[in-house]
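In this text the structure is predicted, and so the values were computed from the model without any measurement.
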Amino acid sequence: MALIEKVNVVALLNVSVLLSGVCVSSEVKLRLLQQTEGSSTDTGSDVKEQLSSLKMAALPGVRVLLNLHQSMRLQHSLRLINVHLRSMCLPGKVCTGPTKTNEFKPPLNKANESLLENLNLMGVDVKKARERQPGVFRKAFTNEQGLAQFLQSKGASRTVIAGIVSRYPRAITRSIEHLEQRWDLWRNIFMTDAEIVTILDRSPESFFRSSDNGNLEKNIHFLITLGLNTKDLHRLLTTAPRTFSNSLELNMQMVEFLEDVCAELGGTNPGEFVKAVISRNLYIFIRSIKRVKTNIDNLKASLKLNDAELLALIQGSGAEILDLSNEYLKNNFSNLQQKMVSLGCRKADIKNLIITYPMVLYIGSSTLSSKVDCLLKGGITINQIIEKPKVLEYSIQNITGRLEELKKVEYDFQKKGINILDSSRKRFLAKIVKLSGSPEI
């Protein structure tokens, strides 16, 4: 019996230490064991009392062990996890943290569960939102309800709000104070709340991308000092909103660079030059100075332009191609040159084509070749294309359809020219009706 009692004491001591966190000193252990070995009736009651105390201390740990065992059996039966038993390291602290090979992944926190519930109630496409900006769903605090109420107060419908959050979920991280400040800044440019709502519906990034209202205000003021009007700012905000999230210093550097280009090419009005370039190329502020400079240098070298010709090209329609990647612009020029030379054109013809219609360099080489071949097949000469290069602006499908309609009415391009191809759909159809001799409907 003494041996059994001793075993019970040791077992209870170990269980209490491992599962209940009860710290039992070695002296206490020794004294209890000594008391157990001595079968004195005087000490028997003390041992029983201390054993009872240890049993009570170990009881919570035993319950934890039983619960853990039941949970592991349930999880194994449901095939939710694979349980690997590992040997314990004793004596020492019990390591309950994750191992390197099987790290613990916490469940979705309450904040995220609440967020998902709110977004579903708002009609948001949660799948699309997750794909676009997954980091938003890991934030502990969001303001989706405040955002919805704010936009509703500005006239946005439930559908519009759901669309905004679906395409740009970061919008739900903005505070009401931030939203009100930004709205007031935009109202300095737009006439009504309805205009802003329309833009947010079409391009939510333009409004929610930047979180720095102070920087936005500085950029608006700076751009106004350049002579840009409300219409220009309107176009910048809707087309290249990143302009306003740039630092003021970065935007100022681009302006200074353009002013230097104007001066180097003999321009007398740097301010007007800068304004013209920005008005024609809204993406200029979101491109690097290095890219723009390289494109200018390549145009000058490739087309053999003098300073006056280059200045006129850049502040004219040529401004639109300055933001292209250097390699894309260079390759397109090379492919255009090869195609035109193969059709018997001279370098002067190519230069004239690009100066007249610089956007031809925007068109990919394979697409451009297909368009030219389609026009030539339809009875149009290469010289006519050089004289009216805007016909290349239309899609191959559009060009093919118009050529077929004109063929039906036996239209003669050599006598009447190709201006008819460069006209609105309404005017083109009216012309076809007139040429066919059919009564208008």
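Residues S166 and K128 bring no donor and acceptor atom of their side chains to less than 3.5 Å of each other. Remark: the N295 side chain and the R291 side chain contain no N/O donor-acceptor pair separated by less than 3.5 Å. Side-chain contact, E144 with T142: a donor N or O sits under 3.5 Å from an acceptor N or O. With hydrogens and angles left out, the side-chain atoms of N246 and N219 include no donor and acceptor closer than 3.5 Å.
Formation of a donor-acceptor pair under 3.5 Å by the E195 side chain with backbone atoms of T192 is found in this model. In terms of modelled atom types and a separation under 3.5 Å, the side chain of N213 and the main chain of H178 share a donor-acceptor contact. Of the possible polar contacts, one joining the S206 side chain to the S203 backbone as a donor-acceptor pair under 3.5 Å is found. Using a distance-only test at 3.5 Å, with no hydrogens or angles considered, a donor-acceptor pair links the side chain of T198 to the main chain of A194. Distance alone, capped at 3.5 Å, is enough to place a donor-acceptor pair between the T173 side chain and the R170 backbone. In terms of modelled atom types and a separation under 3.5 Å, the side chain of N143 and the main chain of R174 share a donor-acceptor contact. With hydrogens and angles ignored, the 3.5 Å screen pairs no side-chain donor or acceptor of S279 with any backbone N or O of A276. For the pair K371 (side chain) and L392 (backbone), a donor-acceptor distance under 3.5 Å is present. Listed for the T367 side chain is no donor-acceptor partner under 3.5 Å among the backbone atoms of I363. Of the possible polar contacts, one joining the T225 side chain to the F222 backbone as a donor-acceptor pair under 3.5 Å is found.
Interatomic distance, CZ of F244 versus CG of L185, reported as 11.0 Å (0.5 Å rounding). Residue T381 holds its OG1 atom at 8.0 Å from CG of L376, rounded to the nearest 0.5 Å. Here the straight-line distance linking atom CD1 of I296 with atom CG of L265 works out to 7.5 Å at 0.5 Å rounding. Remark: M122 CE to N120 CG distance equals 10.5 Å, nearest 0.5 Å. Distance check: L282 CG to T243 OG1 gives 8.0 Å after rounding to the nearest 0.5 Å. Going from atom CG of D212 over to atom CZ of R182 covers 8.0 Å, rounded to the nearest 0.5 Å.
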>> Set out, in order, the CA-CA distance, both residues' side-chain angles and the distance that settles side chain to side chain contact (heavy atoms under 4.5 Å, CB included) for L116 and R130, then state yes or no.
In response: CA-CA 11 Å; L116 292 175; R130 276 186 182 278; 3.6 Å; yes
> Where do K293 and V261 land on the side chain to side chain contact (heavy atoms under 4.5 Å, CB included) test, with the steps shown first?
Replying inline: CA-CA 9 Å; K293 184 180 186 305; V261 169; over 6 Å; no
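D125 and R167 are not joined by a salt bridge, as no carboxylate oxygen comes within less than 4.0 angstrom of a charged side-chain nitrogen. Salt-bridge check for R235 with D232: passed, with a basic side-chain N closer than 4.0 Å to an acidic carboxylate O. Using a 4.0 Å cut-off between a side-chain N of Lys or Arg and a carboxylate O of Asp or Glu, D349 and R346 qualify as a salt bridge. A salt bridge between K408 and E405 is present, with a side-chain N of the basic residue lying under 4.0 Å from a carboxylate O of the acidic one. By the 4.0 Å N-to-carboxylate-O rule, E309 lies close enough to K351 to be salt-bridged with it. For the pair D373 and K377, the salt-bridge criterion is not met [side-chain N within less than 4.0 Å of a carboxylate O].
Between S365 and L336 the shortest side-chain heavy-atom distance does not fall below 4.5 Å. Contact of the S423 side chain with the R402 side chain is registered, since non-hydrogen atoms from C-beta on lie closer than 4.5 Å. Contact of the F333 side chain with the K330 side chain is not registered, since no non-hydrogen atoms from C-beta on lie closer than 4.5 Å. In this structure, V197 and L151 have side chains that are not in contact, with every pair of non-hydrogen atoms separated by 4.5 Å or more. Residues L223 and L236 meet the side-chain proximity criterion, which asks for heavy atoms closer than 4.5 Å. Counting only heavy atoms from C-beta outward, the side chains of I399 and L421 never approach each other to under 4.5 Å. Taking the side chain as every heavy atom from C-beta outward, K388 and I418 approach each other to under 4.5 Å. The shortest side-chain heavy-atom distance between I396 and S370 falls under the 4.5 Å cut-off.
Taking each heavy atom of L353 and P389 in turn, the nearest pair found is CD1-CB, 3.2 Å. Minimum heavy-atom separation, A148 to I161: O-CD1, 3.6 Å. Smallest separation of non-hydrogen atoms from L226 and V255: CD1-CG2, 3.8 Å. Taking each heavy atom of Y328 and Y362 in turn, the nearest pair found is OH-O, 2.8 Å. Closest approach of V165 to A129, counting heavy atoms only: O-CB, 4.1 Å. Nearest heavy-atom pair, L311 versus F273, reported as atom, atom and distance to 0.1 Å: CD1-CE1, 3.5 Å.
For Y411 and F413, the ring centers are positioned less than 6.0 Å apart.
More than 12 heavy atoms of other residues, nucleotides or ligands lie within 6.0 Å of CZ in F150, so this atom counts as buried by the packing criterion. Within a 6.0 Å radius of NZ in K154, more than 12 heavy atoms belonging to other residues, nucleotides or ligands are found. Counting heavy-atom neighbours within 6.0 Å of K339 NZ, excluding the residue itself, gives a total above 12. Within a 6.0 Å radius of CD in E217, other residues, nucleotides and ligands contribute 12 heavy atoms or fewer. With a 6.0 Å radius and a threshold of 12 heavy atoms from other residues, nucleotides or ligands, Q414 has its CD atom above the threshold.
Because its NZ or CZ atom is not both nearer than 6.0 Å to the ring centre of F285 and within 45° of the ring axis, R242 does not count as a cation-pi partner of that residue.
Ring geometry for Y168 versus F208: interplanar angle under 30°, hence parallel rather than tilted (30 to 60°).
For the side chain to side chain contact (heavy atoms under 4.5 Å, CB included) with I321, the qualifying choice from I314, N332, L299, I354 is L299, the only one to do so.
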